[in-house]
Amino acid sequence: FAFKDGIKALFPKTNKNTEPGMFFLINIASGGLAGAGSLLIVYPLDYARTRLASDVGAGKQQFNGLIDCLRKTVASSGVGGVYNGIGVSIVGIIPYRGVYFGLFD
């Protein structure tokens with residue numbers, strides 16, 4: 001929600017009563033971009049949560065907590081390693097958040 005207003009300010013101002021189509025498109029675009037921006041922040045935590053969940057079971061655990069998981073991933077794969085698979089998530093979040101904000105703003 002915080003990103004959407006800042007991104008929406010980058011688009012031209014429109015009146016929802018006189019230009020409803022353009023207002024709707026700007027809301028979709030700014031909502032989609034805001035969703036993608038927020039995903040960039042939370043995706044490494046979601047990645048680590050998934051890795052930690054798959055690390056539970058028989059045998060020795062590979063990771064010893066969230067920070068350890070992120071550190072070992074960055075050490076072995078670089079910073080981009082914690083963003084493995086983000087492309088699919090971005091492709092999904094842009095229309096999801098775009099339609100959400102386009103319809104409910």
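Each residue takes its place number in the sequence, starting with 1.
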Which distance, rounded to the nearest 0.5 Å, do you find between the [atom1] of [X] and the [atom2] of [Y]?
{"X": "Leu39", "Y": "Ile86", "atom1": "CG", "atom2": "CD1", "result": "4.5 Å"}
{"X": "Leu10", "Y": "Ile26", "atom1": "CG", "atom2": "CD1", "result": "11.0 Å"}
{"X": "Leu33", "Y": "Phe3", "atom1": "CG", "atom2": "CZ", "result": "11.5 Å"}
{"X": "Glu19", "Y": "Asn17", "atom1": "CD", "atom2": "CG", "result": "10.5 Å"}
{"X": "Lys60", "Y": "Asp55", "atom1": "NZ", "atom2": "CG", "result": "9.0 Å"}

Should [X] and [Y] be regarded as members of a common hydrophobic cluster, given that ILVMFWY residues are connected when their side-chain heavy atoms come within less than 4.5 Å of each other, either directly or indirectly?
{"X": "Val99", "Y": "Phe24", "answer": "yes"}
{"X": "Val42", "Y": "Val74", "answer": "yes"}
{"X": "Tyr96", "Y": "Val91", "answer": "no"}

If you compare all heavy atoms of [X] against all heavy atoms of [Y], which two are closest, and at what distance to 0.1 Å?
{"X": "Asn64", "Y": "Asp68", "result": "N-OD2, 2.7 Å"}
{"X": "Arg51", "Y": "Gln62", "result": "NH2-OE1, 3.4 Å"}
{"X": "Leu66", "Y": "Ala48", "result": "CD1-CB, 3.3 Å"}
{"X": "Thr73", "Y": "Cys69", "result": "OG1-O, 2.8 Å"}
{"X": "Phe63", "Y": "Leu52", "result": "CB-CD2, 3.7 Å"}
{"X": "Tyr43", "Y": "Gly85", "result": "OH-C, 3.3 Å"}

Main-chain N/O of Leu40 paired to Tyr83 side chain as donor or acceptor, under 3.5 Å
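Yes; at least one donor-acceptor contact below 3.5 Å.
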Near Asn84 CG, under 6.0 Å, is it more than 12 heavy atoms from other residues, nucleotides or ligands?
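Above 12, so yes.
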